[in-house]
Amino acid sequence: MIEVNDNFRLLPVSYLFSEVGRRIAAFKAENPGKEVIRMDIGDVTTPLFPSVVKAMHEAVDEMSTVEGFRGYGPEQGYPFLRDAIALNDYRQRGIDIMSDDIFVSDGAKSDLGNLGDIYSRDCTVAVMNPSYPVYVDDSVIDGRAGVLTDGIWSNLVYLDCDPDNGFLPKLPERHADVIFLCFPDNPTGVAIGKAELQKWVDYAREHGSLIIYDSAYEAFVRTPGIVRSIYEIPGAIDVAIEVRSFSKTAGFTGLRCGYTVVPKSVKGRYADGSEVSLNSLWNRRQTTKFNGCSYVSQRAAAAVYTTGGRHDVKAATDYYLHNASIIKEALVKVGFKAYGGDDSPYVWASPCDGRGSWDLFNMLLHEFNFSTTPGCGFGTLGEGYVRFTGFNTLENTRKAMERLVEGF
Ligand SMILES: *Cc1c(COP(=O)(O)O)cnc(C)c1O
């Protein structure tokens, strides 16, 4: 037998989503007449846009002809898509990102983990608390997390998010090499303004850190002054990698396509001190370990930038945002503290009565018959909170929130 990566033993069993499912199933079995509304859905629910479907059909037809067939494509993505991304998401918004800074992939989750290949095992990683669990678990698998005690990893730097700072993280007290930031955030739904994000860019420039900026939810930003891309911040182009996805923007969670921006100006150093651009390292990593995202998915992604596609993105995200606003309004009405939901499909809430996340989950399930995601699953500072999502239908969202407001 071979020796395996011992870090896998360190990973705690993730029972959050299975436990949510188990408790819902048990409740339904005990209460057959009651309808449970899922307010914990962590996935988009509206079907692919007509413009996207049309582009996919055309791509399939092309592939079925001798002239149109495509085999392996460029590992970095087809130029038609890299150009569309650089132009529409960056240059038309006044940001100086070029096509060769863009690396198309099968989604943000893989890139977030794979980026760990290009920075040293010895880098200290900082994560928001609470946060999307992937940043922590990837760090564990790569051996950068240390040991776990009471929900805290010894080698990670935690960026505390709490009600005092409106769930925006505080700058680290310990030095951090690689800093994961996510805005608009999952799970808290909180978005960040330019002045606040500037502090992080300044920190990274001063301390020689790298920011890995997860902007999977940028398409939900509506409030003027709220950041969609970290490159809106002066100086970020030298210290930040941005990870994006068509998943939440355009309903690609099942189709798969995302991209990572690695500006050529972001530099690192080898052990001997010599400088190297992270763009060249990531290019080497991708060309070695990745053979590209499918042609059909990339044609589908390019359709998102057409007039019809843009209109559909706006309509779909508006729909989820409207649901989130209904959730937030209801929660405020019953006296909960509620965050997010304005530029995000997520609402993060607590009655602030000392009750734990699972107690809160149970109470909401048993008394109002809807499910949420316990906040403690996203980090120690998520305790006492639950996450609501705007991904159910408008009708179900209204129904669940009416139950809450009428019965609370
Ligand atoms: C959904 C999500 C992702 C993953 O997106 P994929 O492109 O589907 O892999 C990344 N980051 C955050 C914060 C997410 O919520």
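Remember, it's 1-based here, ligands and their atoms both numbered in the order they're listed.
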Query raised in the report: Between E35 and N369, is any side-chain donor less than 3.5 angstrom from a side-chain acceptor?
Result: no
Query raised in the report: Under the 6.0 Å and 45° cation-pi test, does R355 pair with F361?
Result: no
Query raised in the report: Salt-bridged, D100 to K264, with N to O below 4.0 Å?
Result: yes
Requested in this report: May I ask you to say whether K248 pairs ionically with E218, meaning some side-chain N is under 4.0 Å from a carboxylate O?
Outcome: no
Report task. State whether D318 and R222 are salt-bridged, where the test is any N-O pair (Lys NZ or Arg NE/NH1/NH2 against Asp/Glu carboxylate O) under 4.0 Å. Result -> yes
Query raised in the report: Salt bridge between K399 and E395, side-chain N to carboxylate O under 4.0 Å?
Result: no
Pairwise, report which nitrogen or oxygen atoms of ligand 1 are under 3.5 angstrom from protein nitrogen or oxygen atoms, and how far apart they are.
from	atom 1	to	atom 2	distance (Å)
ligand 1	7 (O)	A108	N	2.7
ligand 1	7 (O)	S245	OG	2.6
ligand 1	7 (O)	S247	OG	3.3
ligand 1	8 (O)	S247	OG	2.6
ligand 1	8 (O)	R256	NH1	2.9
ligand 1	8 (O)	R256	NH2	3.3
ligand 1	9 (O)	A108	N	3.3
ligand 1	9 (O)	K109	N	2.9
ligand 1	9 (O)	R256	NH2	2.8
ligand 1	11 (N)	D214	OD1	3.4
ligand 1	11 (N)	D214	OD2	2.7
ligand 1	15 (O)	N186	ND2	2.9
ligand 1	15 (O)	Y217	OH	2.6
ligand 1	15 (O)	K248	NZ	3.3

